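Chain A is the first sequence line, chain B the second, and so forth, proteins listed ahead of strands; every chain is numbered from 1. Keep in mind that this is a model prediction, so the values were computed, not measured.
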Amino acid sequence: MNYWLMKTEPDVYSIEDLRRDGSTGWEGVRNYQARNFMRDEMATGDLVLVYHSNAKPPGVAGVGRIVREAHPDLSAQDPDSPYFDAKASPDNPRWLQVEVGYVETFDRMVSLDRLRSDQALSGMMVLRKGCRLSIQPVARRDFERVVKIGRGG
DNA sequence: GCCAACGTTGGC
DNA sequence: GCCAACGTTGGC
């Protein structure tokens with residue numbers, strides 16, 4: 001079982017939207033490294049830190065779970081979608097998505113500042129300067145520590 | 001709104 | 001295959 005951090009802009013889709021929906025197709029990932037993580041390493045049951053980017057403040061808002069493994073992201077083939085990609089087709093979907101289920105919203109979101117201030121979390125990819133990757137692997141111990149902080153521990 | 005740090009594109 | 005130009009991300 002693996003652990004992940006997945007970024008979302010809460011103005012577009014927040015942890016509260018995920019709570020309301022129960023689960024959602026995580027469409028719109030348009031980065032090969034992130035896609036390959038989904039394709040090669042994500043499995044049903046993996047747990048996810050749901051990270052709010054472009055938020056005030058940015059940080060981890062809660063937890064999700066992979067409920068369906070990687071499959072074609074059809075928004076790439078939809079000309080009306082903001083995620084449309086003319087190079088995607090039924091023969092070559094090009095982009096993938098996973099289905100993410102809701103698990104919990106933290107009592108207090110774990111802000112980026114809070115993550116930075118914790119020496120034990122200094123290895124987290126999201127803290128690396130200029131790291132734009134929207135799907136990142138997270139070490140189990142880091143995942144558990146962030147959850148503990150989020151629950152008020 | 002700024003801009004550093006990337007990733008992608010396309011001419012050569 | 002190189003690399004300059006361009007577009008995007010995302011914190012601030």
N/O (side chain, A:Lys7) to phosphate O (OP1/OP2, C:dG10) under 4.0 Å: yes
Any A:Tyr51 side-chain nitrogen or oxygen under 4.0 Å from OP1 or OP2 of C:dG11: yes
Mind calculating the distance between [atom1] ([X]) and [atom2] ([N]) to the nearest angstrom?
X: A:Tyr32; N: C:dT9; atom1: OH; atom2: P; answer: 15 Å
X: A:Lys87; N: B:dT8; atom1: NZ; atom2: P; answer: 11 Å
X: A:Asp85; N: C:dG7; atom1: CG; atom2: C1'; answer: 14 Å
X: A:Asn54; N: C:dT9; atom1: CG; atom2: P; answer: 9 Å
X: A:Leu127; N: C:dG10; atom1: CG; atom2: C1'; answer: 14 Å
X: A:Glu9; N: C:dT9; atom1: CD; atom2: C1'; answer: 8 Å
X: A:Gln33; N: C:dT8; atom1: CD; atom2: P; answer: 19 Å
X: A:Met6; N: C:dG10; atom1: CE; atom2: C1'; answer: 17 Å

Shortest non-hydrogen separation from A:Ala34 to A:Leu133 and the atoms involved: N-CD1, 3.8 Å
Aromatic plane relationship, A:Phe143 with A:Tyr3 - under 30° parallel, 30 to 60° tilted, over 60° perpendicular: tilted
Output field: ring centroids A:Tyr32/A:Trp95 closer than 6.0 Å: yes
Touch class at under 4.0 angstrom, heavy-atom based, for A:Arg116 against every strand present: sugar-phosphate
Selected nucleotide, minimal atom distance to A:Lys129 side chain, candidates B:dT9, C:dC12, B:dA4: B:dA4
Side-chain donor-acceptor contact under 3.5 Å, A:Gln97 with A:His71: yes
